[in-house]
Amino acid sequence: TNQEKMFLVFTEWVKLLQRVPDDDVKVTVFIRQMMDKGVIKSTENVIQFTKAAIELSVGSFKESDPASEVFIAADAFSKLIVKLLVVQVFTSLSRSEYLKLMLSVITIVFSEDQGMTGNSFNERPYFRLISSLLCQWEEASAHNFIKVQDQSYRNELIDFSPEFYNIIASFLHAFQPIAYPGFSFAWITLISHRMFLPKMLRLPGKAGWSKLVLLFTDLLKFMAQYTKKSDVPDAVSVVYKGALRVFLAVANDAPGFLVENHYELLNNLPPVYMQLRNVILSAIPKNMVLPNPYDAELRISDVEACQHVPNVYYDPVQDLKSLKKPVDNYLRIPSASLSRMVSTSLFKPGYEKDTGIGYDSVSVDTKLINAIVLHVGIEAALEKDKTTATAIFNTKSSYYTLLTSMLSDGNTEVRFHVVQAIANQLRFPNAHTHWFNYVLKNFFISEDWGQDTAEIQEIIVRTLLERVVTNKPHCWGIVVTFTELLRSSECSIMTLPFVKDIPEIEHIIKHL
Amino acid sequence: TMPAEMAAQLESSLLNCPDSLDADTPKLYQTPLSLPHPTSIFFPNET
Amino acid sequence: YGLKALLPLIRREDQSPDYDPSMTLGIDLTPVLQSLGISSNANGRQRVLDTFPSPWVETSRSEVEPRFFVPESFTKIPSVLQSSGSKNPVFNSVQQDHAKISLFQDETLFYLFYKHPGSVVQELTYLELRKRNWRYHKTLKVWLTKDPMMEPVVAPGGASERGSYVFFDPQRWEKCQRDFVLFYNAIM
């Protein structure tokens, strides 16, 4: 049958690659013959051939004895994919479509295998195929495809390379743990693969960042979904440990990625992962030296870096949806009706399970609250650059009063999530940290809350305290803000009833 | 709560978790000199 | 939403089953950072993702080959290893190339011996080093040769000798002189 012919051709390819180096002319002749004989001429045959190759690669893995080279066929297949992408001239199909076609066939076989065999599915051959594909592509693209003589052709491949990584990212998005739990650990290993993650972080023009945020979001959503308070399944806690190491490595190699994408990552991070939250929010731009946050002489307004507006890669205004107009109109011309419209739109249609510290469900739209708070901060920082600092560092400014109204109109839950959203902006020295530090300090000493004062103050203390009792790293902005409150003469935290009532808390505050 | 079927799949994924050897760069063609050869048991067998 | 919510986290003694502290308050990250090769001093910021073996320590049991480029200057070196003209020097096959092994310096032979265990090239380097009067010590697993400056003294009974020897230390990658009692049955 046609398929048996495909099996035969692929088997010959595997044998050939074991006998000659892959840059041997025989390899190119073999591919030339595959084309001339029509093995990969039509789309239909490409599908047939790919199906045969992936089935043989997986089959030979399952049948080989573990001690031997179980990945020979998978490695040969990944080499073939790279060769076909490099040596072919693409006319009817584009190079991207060709790669997507082959990966789609692999996805179908992968899905059937995963679905059919239940728990005896083995992720390793599929992992190896993609891992080797990344390694072989890296080798082919070394020195900007130096092995390709024709310059115009080289340029075509150089332009395609970012596309290659984004296509791989798209298929990894399809393979995410919530969709294919049997592939979870291979998946985490692939998104952090040495030939993938550094590349996606450093593609020119941040061309890989959107897909990378998507993949990290997939991971965080999976963890959020299955991190219940008490019995976190062992496998999920292993997932967490892996995620923590990956984020630490990203914070070390490419802190700018976390600095610019904190908003989206935190929208999907389970709030119980307080240390992981600190890791993400503590990322600071490379080469930035932090002033000592415990320095009693430190004045945040004197810190030069606080004049600079940090870049936010994904503009939260896109998440404001129908509230964009009311919020922006309010910032321009404040009115009670607009602020009420904002405050009443913060609730979700129903309760949603969410594992937090001290609560199990959420009835407010935390993502919307995060978006409003950060959007207001971004607009405030821009306003400061346009006009003067006093325009926004004053409790009468619309930026400040919008947040105030969200607290005074809101219930305890709203207040909690608004203060959390503000605390998420207290990071390294920048214009947002500076402004939100101002906001939180004034929230704390304000007399305008009436009988809600104690509640709002307790929420502020709790939000800051939970971030400093967590193991390091601690965010510079959090430490500076908390230190100022602890030293504040206007209001001594130690005397507040909600502190005195709980000895352990009182003891910690006194120690701090 | 994670369905039992899903928990089992996640469990089997953990058991089959690829390690750094799986992630290493493929070596298809071994030059004859680097082919396996019965060397003395006293020789180091790790690079 | 207040401070009481933090009590289950803070109270160490009756660690409530509610939260897994290693994920909420987290852990001391020092060992984790060390396992990643991230040094604490900020300026030593060495990139780690390019050689990231695996997300977990338990599955990172071997190094992985990072991306590397063969610099232009390493290719097309004329007349090295008897390569002609612009062709790259090759050292691949036992038939044609094994004689070239006598062209390598000692250090290159040591490198090939330690880098390619259990392979033909390890055997070839072993034979070549012996030709150069190096001897492999079976228990120390290092190569040694007599210090030409001094004749060793054979012990009565002839099973060993005491003298001054030059060892090649693969950890420090250098030759070093040592006084040593050499048992003849320990070398090969």
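Bear in mind that the values here come from a model prediction, so they are computed numbers and not experimental data. Convention: sequence-line order gives letters A, B, ...; per-chain numbering from 1.
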When B:Leu21, B:Leu33, B:Leu35, B:Ile41 are compared by non-hydrogen pairs under 4.5 Å with chain C, the top option:
B:Leu33
Residue set satisfying side chain to side chain contact (heavy atoms under 4.5 Å, CB included) with C:Ile38, at least two apart, ordered chain then number -> A:Asn252, C:Leu33, C:Leu36, C:Val48
Side chains of C:Ile187 and B:Phe42, heavy atoms from C-beta outward: is any pair under 4.5 Å?
no
Within the structure provided, determine whether C:Pro152 and C:Phe180 are in side-chain contact (heavy-atom separation under 4.5 Å).
no
Test side-chain contact (heavy atoms from CB on, under 4.5 Å) on C:Phe110 and C:Leu129 and set out the steps.
CA-CA 8 Å; C:Phe110 291 130; C:Leu129 282 164; 3.8 Å; yes
Check chain B against chain C and list any donor-acceptor pairs under 3.5 Å.
unit_1, atom_1, unit_2, atom_2, d
B:Asp19, OD2, C:Arg61, NE, 2.7
B:Asp19, OD2, C:Arg61, NH2, 2.6
B:Ser20, N, C:Thr59, O, 2.9
B:Ser20, OG, C:Thr59, O, 3.4
B:Ser20, OG, C:Arg61, N, 3.2
B:Ser20, OG, C:Ser62, N, 3.0
B:Ser20, OG, C:Ser62, O, 3.2
B:Ser20, OG, C:Ser62, OG, 2.9
B:Asp24, OD1, C:Glu65, N, 3.0
B:Lys27, NZ, C:Glu65, OE1, 3.0
B:Leu33, N, C:Asn92, O, 3.2
B:Leu33, O, C:Val120, N, 3.2
B:Leu33, O, C:Val121, N, 2.9
B:Leu35, O, C:Val120, N, 3.2
B:His37, N, C:Gly118, O, 2.8
B:Thr39, OG1, C:Gln122, OE1, 3.2
B:Phe42, O, C:Tyr136, OH, 2.8
B:Phe42, O, C:Lys141, NZ, 2.6

Which bit of C:Leu124 comes within less than 4.5 Å of chain B, counting heavy atoms only: side chain, backbone, both or neither?
side chain
